[in-house]
Amino acid sequence: MEFRPILNALMRNKTGLLLIALQVAITLAIVCNSVFIILQRIEKVNRPSGMDESALFTITSLGFAQDFDLRGSIREDLETLRSIPGVVDATTINSVPLSNGGWSEGITTQPESVPEEQRKNVPTALYLVDEHGVNTLGVKLVAGRNFTVGDVSYRSKDDKGTPHTLIITQALADQLYPEGNAVGKVIYSGIGGRNGPITIVGIIERLQAPWVGWDKVEHAMLVPQYQDGEFDSSSARYLIRTEPGRRDEVMKEAERKLGEINTGRIVRGLRSVEEVRGESYRQDRAMTVVLGTVIFSLLAVTGLGIVGMVSFWVTRRVKQIGTRRALGARRFDIRRYFMIENVIVVGVGIALGLLLTYGFNIWLMKHYELPRLSWYYAPLGALTVLLLGQLAVFGPATRASRVSPAVATRTV
C-alpha cells in the first residue's frame, strides 16, 4: 500500500492528528511513570521484615499506683505471658518494628580518639530487648550467639546502663565491616551515655527499622536492656510471639491476665504486628489504587478518543471508500488502510511521548527523589499504547470495510 495517500489524508485532518498524537503522548508518559511507581510501592510493601509477623502482637502496661514497681511488674508480666498456652516467647521492647515510631543511633567502628570529622557514623534503629528478644521476634541468627541473662542490664533516666554486647542485622554488619567477620568486633556509640566499645556478639539475617520510608530500613540492632523509667517510670511495652494460628486467641488471654495480676496499672495498646504493618503502609497502598485508577482511565479515554476520531473520519470518507471498493479494493484493503493510518498517528504520539516520559521521570527524580526509570518501561509502554490504538481502530475500520460500492456511488 502507498503511504502517500494516507499521509495526504492525514494532512487534511491536522487538528485531529495533533489531538490524538498529543493524547497518546501524555498517556504514554503518565502510564510509564505510574506503573514504575506502582511496582516500586508493591515491592516496598511486600519486602520481608525478618520477623514472624503473623504470630506477633504487642501490648503496653501503664502503672498509675503510687507504689507501682516497674521492675517487679516486668518480671511478673513476662513470667505470666510466657506461661500462657500458645505463647512461644515474650520480651520487653522499646518500639515496634514497622510502626513508624522508634529510636535511632549513630554508630561507628572508630574510637573517640579519632577526630570527629574522620569518623563515619552509620545510622541504625535501636531495639531494647532481653535474652528472649531474638526468639520472640522470630528473626534468624546467622552468626554468633544470642544474648544471655548476664548481658541484660537496666536503662533508666538517671542510669542509662552500660551494654557491652549487641546483635546487629546482616545489612548493618556489611556496612560497618565490608570485609566480613563482624562477630567479635566492636562498635562505638553513645548507647548508655558512653562511646563504646560495645562488642558485636551476633548477626541476624534481617530486621527492619520502625520507619518504613527510611533508606536504611534494614539497619537495626538489638541492645540487651530493660527500659526502666527513662521517659516514663511506669510504662512497659511487651512483644509476644504465639504458635501459628493462635495469635488472636492469645491476645485476648494476655490482656485479661495482665489486667488481673496487677490492678495498679492500665493495660492498653493491644495490636498485632500485621495491623501495625497495614497502618504504616496505608499510604503506599492508597497510592497504588489511585495510580491504577488513573492508568485505567487514561487508557480508556485514549482508546475512546481514537474510536471517535476514526469513526468521524470514516463518515467523512464514505465516498472515497466506495470509490476504492468500486475500483476493486477488498474489505481487507480498506481495513488495512485505517489500521496503517492509525499506526502513523499513534507513532507520532509515541515519539513525542517517549520524550515526555523521560522528562517527567527527571522531574520526579529532582522533586521527589524517585530513582531513574528503567529502560524497558518506555518500549513496553509504547507497545501497549500501540496495541491499544490498533484495538480501538479495529471496530471503525471494520465498519468502513463494509461500505458497499453501490451505497457510496449514490452519494455522488
Side-chain angles (χ1 to χ4, degrees), residues 51-53 55-65 67-97 99 102-103 126-139 141 145-157 159-161 163 165-167 201-202 204 207 221-244 246-273 276:
M51 302 182 295
D52 185 8
E53 291 183 36
L56 287 171
F57 70 91
T58 180
I59 191 169
T60 301
S61 165
L62 179 62
F64 59 81
D67 58 347
F68 185 78
D69 176 17
L70 181 60
R71 292 193 181 188
S73 176
I74 289 174
R75 287 194 299 270
E76 186 178 19
D77 289 347
L78 287 174
E79 289 177 5
T80 301
L81 290 170
R82 291 165 185 162
S83 68
I84 296 175
V87 170
V88 174
D89 216 336
T91 184
T92 57
I93 195 166
N94 60 313
S95 59
V96 181
S99 65
W103 298 7
L126 177 75
Y127 295 113
L128 305 183
V129 298
D130 63 10
E131 70 276 13
H132 294 263
V134 169
N135 190 44
T136 301
L137 287 163
V139 293
L141 192 68
R145 65 170 177 85
N146 193 6
F147 295 132
T148 63
V149 175
D151 291 321
V152 185
S153 61
Y154 282 88
R155 179 188 182 104
S156 64
K157 183 176 181 180
D159 180 11
K160 295 187 177 182
T165 57
L166 290 173
I167 295 176
V201 296
I204 53 178
L207 179 62
M221 62 182 178
L222 303 179
V223 180
Q225 287 188 318
Y226 292 113
Q227 189 179 348
D228 183 18
E230 184 174 3
F231 299 110
D232 187 337
S233 60
S234 60
S235 178
R237 178 184 286 114
Y238 303 107
L239 185 70
I240 300 94
R241 180 184 174 199
T242 69
E243 296 173 357
R246 303 192 66 179
R247 185 197 64 198
D248 295 345
E249 164 198 344
V250 173
M251 286 175 70
K252 296 177 183 178
E253 184 67 9
E255 185 177 35
R256 184 185 69 80
K257 284 208 169 187
L258 290 185
E260 288 178 350
I261 63 175
N262 193 331
T263 57
R265 49 97 176 274
I266 299 172
V267 178
R268 63 182 187 181
L270 184 66
R271 302 171 69 200
S272 69
V273 170
V276 172

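Closest of all the heavy-atom pairs between Val87 and Arg82 is CG1-CA, 4.1 Å. Here the closest non-hydrogen pair linking Met51 and Leu207 is CG-CD1, 3.5 Å. Counting all heavy atoms, side chain and backbone alike, Arg246 lies closest to Pro85 at NH2-O, 3.8 Å. The nearest pair of heavy atoms linking Ala236 to Leu70 is CB-CD1, 4.0 Å. Considering all non-hydrogen atoms of both residues, Phe147 and Glu131 come closest at O-CB, 3.6 Å.
With hydrogens and angles ignored, the 3.5 Å screen pairs no side-chain donor or acceptor of Asp89 with any backbone N or O of Arg241. Judged by distance alone, with hydrogens and angles left aside, the side-chain atoms of Thr91 form a donor-acceptor pair with the main-chain N or O of Asp130 at under 3.5 Å. No side-chain donor-acceptor contact under 3.5 Å links Asp77 to the backbone of Asn262. A donor-acceptor pair under 3.5 Å links the side-chain atoms of Thr58 to the main chain of Tyr238, judged by distance alone. Between the side chain of Arg237 and the backbone N or O of Val96, no donor-acceptor pair lies under 3.5 Å. Without hydrogens or angle criteria, Arg247 side chain to Thr242 main chain gives no donor-acceptor distance under 3.5 Å.
Side-chain atoms of Asp151 and Thr148 form a donor-acceptor pair, as typed in the model, at a separation below 3.5 Å.
Atom CD1 of Ile240 and atom OG of Ser272 lie 12.0 Å apart (nearest 0.5 Å). A distance of 7.5 Å separates CZ in Arg271 from OG in Ser99, rounded to the nearest 0.5 Å. Separating the CG atom in Leu56 from the CE atom in Met251 is a distance of 11.0 Å, to the nearest 0.5 Å. To the nearest 0.5 Å, atoms CD1 (Ile261) and OG (Ser73) are separated by 6.5 Å.
Side-chain contact check for Val88 versus Thr136: every heavy-atom pair is 4.5 Å or farther apart. Contact of the Thr92 side chain with the Gln227 side chain is not registered, since no non-hydrogen atoms from C-beta on lie closer than 4.5 Å. Residues Phe68 and Arg265 form a side-chain contact, since some pair of their non-hydrogen atoms from C-beta on lies under 4.5 Å apart. With a 4.5 Å cut-off on side-chain heavy atoms, Leu137 and Leu222 count as touching. In this structure, the side chains of Leu78 and Tyr226 come closer than 4.5 Å at one or more pairs of heavy atoms. A heavy-atom distance below 4.5 Å is not found between the side chains of Leu62 and Phe64. Within the 4.5 Å cutoff, the side chain of Val273 has no heavy atoms near those of the Pro97 side chain.
For Glu253, the salt bridge (Lys or Arg N to Asp or Glu O under 4.0 Å) partners at least two apart in sequence or on another chain are Arg256. For Arg268, the salt bridge (Lys or Arg N to Asp or Glu O under 4.0 Å) criterion is met by no residue, not counting sequence neighbours. Residues satisfying the ring pair (Phe, Tyr, Trp, His ring centres under 6.0 Å) test with Phe57, not counting sequence neighbours, are none.
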TODO: Using the side-chain contact (heavy atoms from CB on, under 4.5 Å) rule, take Leu258 and Leu81 through it: C-alpha gap first, then chi angles, then the decisive distance, then the call.
DONE: CA-CA 8 Å; Leu258 290 185; Leu81 290 170; 4.2 Å; yes
